[in-house]
Amino acid sequence: MKLDERVYKELCRVPRGKVTTYGALARAVGLPNGQRIIGRIMKNNPYPGIVPCHRVVRSDGKVGGYSPGGMSGGEMIKSAMLEKEGIGISGGKIRDLDGSLFEF
DNA sequence: ATGGCGGCGGCAC
DNA sequence: AGTGCCGCCGCCA
């Protein structure tokens with residue numbers, strides 16, 4: 001199975017209301033340092049709407065990028081979606097409702 | 001087969 | 001605490 005497939009599958013395991021990181025996802029598919037590849041794969045996401053690519057965030061607390069179909073400025077949309085799923089965001093950072101950093 | 005590139009990560013200022 | 005820079009690894013020309 002191609003790497004992409006595994007990543008998408010792995011990503012689907014992430015339940016609504018929770019998030020994962022690029023690095024974690026990379027490790028999950030056997031690439032300890034393949035964070036970049038994950039981003040690439042998200043960009044090429046062939047299953048928009050099926051694979052929750054918006055649920056992938058950066059390990060430093062920022063939401064990270066989002067370019068569905070190559071459109072730009074999708075990061076705000078990404079945050080909006082995350083908040084809809086119960087994930088708190090403020091100042092471009094992922095926060096829990098009480099202001100503490102979100103845990104992965 | 002080689003080079004360039006990317007929705008990042010971590011350590012160093 | 002915030003910003004910058006370099007590193008690492010698979011995919012597509």
Side-chain angles (χ1 to χ4, degrees):
Chain A
M1 181 188 283
K2 283 181 93 176
L3 179 62
D4 309 17
E5 309 266 322
R6 285 191 290 159
V7 174
Y8 298 133
K9 195 169 183 179
E10 199 58 40
L11 182 51
C12 285
R13 284 191 200 173
V14 181
R16 186 176 173 287
K18 290 207 74 173
V19 295
T20 187
T21 65
Y22 294 91
L25 209 48
R27 285 192 301 272
V29 295
L31 298 175
N33 298 316
Q35 325 88 336
R36 300 238 180 96
I37 289 75
I38 302 299
R40 207 162 177 322
I41 295 174
M42 293 304 108
K43 184 166 68 178
N44 294 316
N45 180 10
Y47 315 107
I50 305 173
V51 177
C53 45
H54 62 278
R55 245 173 251 166
V56 186
V57 300
R58 295 181 50 140
S59 60
D60 61 6
K62 296 202 224 82
V63 284
Y66 190 62
S67 322
M71 78 172 275
S72 59
E75 320 192 357
M76 34 188 295
I77 300 176
K78 181 174 182 179
S79 339
M81 297 175 81
L82 290 173
E83 290 192 288
K84 264 191 156 189
E85 300 192 347
I87 297 165
I89 298 176
S90 72
K93 288 279 202 176
I94 300 186
R95 313 194 148 248
D96 212 329
L97 301 174
D98 49 33
S100 57
L101 285 174
F102 199 85
E103 60 175 284
F104 305 119

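Sequence lines set the chain letters: A, B, ... in the order given, protein chains first and strands last, and positions in each chain run from 1. The figures here come from the full heavy-atom set of this structure, side chains too, leaving out hydrogens, waters and symmetry mates. Just so we're clear, the structure is a prediction, and the values are computed from it rather than from any experiment.
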* Could you say whether A:Q35 or A:G30 is positioned toward the 5' end of DNA chain C, judged by the nucleotide with the nearest heavy atom to each? =>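 The residue whose closest nucleotide sits nearer the 5' end is A:Q35.
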Between A:N33 and A:K2, which residue's closest nucleotide on DNA chain C lies nearer the 5′ terminus?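 Of the two residues, A:N33 wins.
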At under 4.0 Å, does any side-chain N or O of [X] touch on OP1 or OP2 of [N]?
X     : N     : result
A:S59 : B:dG9 : yes
A:T21 : B:dC8 : no
A:K43 : B:dG7 : yes
A:R58 : B:dC8 : yes

Would you call A:D4-A:K2 a salt bridge at under 4.0 Å N-O?
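No, no charged N to carboxylate O under 4.0 Å.
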So that I can tick it off, tell me whether A:R13 and A:E10 are bridged by a salt bridge, with the cut-off set at under 4.0 angstrom between side-chain N and carboxylate O.
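Salt bridge present between A:E10 and A:R13.
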Taking [atom1] from [X] and [atom2] from [N], how many angstroms apart are they, rounded to a whole number?
X     : N      : atom1 : atom2 : result
A:I94 : B:dG7  : CD1   : P     : 18 Å
A:L25 : B:dG6  : CG    : P     : 20 Å
A:K62 : B:dG10 : NZ    : P     : 12 Å
A:I38 : C:dG10 : CD1   : P     : 11 Å
A:K78 : B:dC8  : NZ    : C1'   : 11 Å
A:I77 : B:dG7  : CD1   : C1'   : 13 Å
A:N45 : B:dG7  : CG    : C1'   : 11 Å
A:I41 : B:dC8  : CD1   : C1'   : 13 Å

Task: Identified stems (criterion: three or more consecutive Watson-Crick or G-U pairs, under 3.5 Å), DNA chain C - done: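 Runs of three or more consecutive pairs: B:2-6 with C:9-13, B:8-13 with C:2-7.
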As a test of reading the structure: which of [options] is closest to the side chain of [X], going by heavy atoms?
X     : options               : result
A:L31 : C:dC9, C:dC11, B:dG10 : C:dC9
A:C53 : C:dC11, B:dG9, B:dG7  : B:dG7
A:V56 : B:dG7, B:dC8, C:dC11  : B:dG7

Indicate, with yes or no, if A:L25 and A:I50 share a hydrophobic cluster defined by side-chain heavy-atom contacts under 4.5 Å among Ile, Leu, Val, Met, Phe, Trp and Tyr.
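They do share one cluster, since a chain of ILVMFWY contacts under 4.5 Å joins A:I50 to A:L25.
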Legend entry - Same cluster (ILVMFWY, side-chain, under 4.5 Å), A:V7 and A:Y22: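 Yes.
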Just so I know, are the side chains of A:V63 and A:I94 near enough to count as touching, which here means a heavy-atom distance under 4.5 Å?
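When only atoms from C-beta onward are counted, A:I94 and A:V63 do touch, with a gap below 4.5 Å.
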ask   = Quick one: on DNA chain B, does A:I37 or A:D60 contact a more 5' nucleotide (nearest heavy atom)?
value =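 Looking at DNA chain B, the more 5' nearest nucleotide goes with A:I37.
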| field | side chain to side chain contact (heavy atoms under 4.5 Å, CB included) partner of A:R55, the single match among A:K18, A:M81, A:R16 | value |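 Among the candidates, only A:R16 passes.
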(request) Please determine which of A:P46, A:C53, A:P52 meets the side chain to side chain contact (heavy atoms under 4.5 Å, CB included) test together with A:Y8. (result)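 Of the listed options, the one satisfying the test is A:P46.
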Quick check: any donor-acceptor pair below 3.5 Å linking the side-chain of A:Y22 to the base of B:dG9?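 No, the side chain and the base share no sub-3.5 Å donor-acceptor pair.
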| Gap between atom NE2 of A:H54 and atom CD1 of A:I87 - 0.5 Å precision |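 So the CD1 of A:I87 and the NE2 of A:H54 are separated by 7.0 Å.
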Check: How would you label the contact of A:G23 with the nucleic acid (heavy atoms, under 4.0 Å): base, sugar-phosphate, or nothing?
Finding: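 Result for A:G23 = sugar-phosphate.
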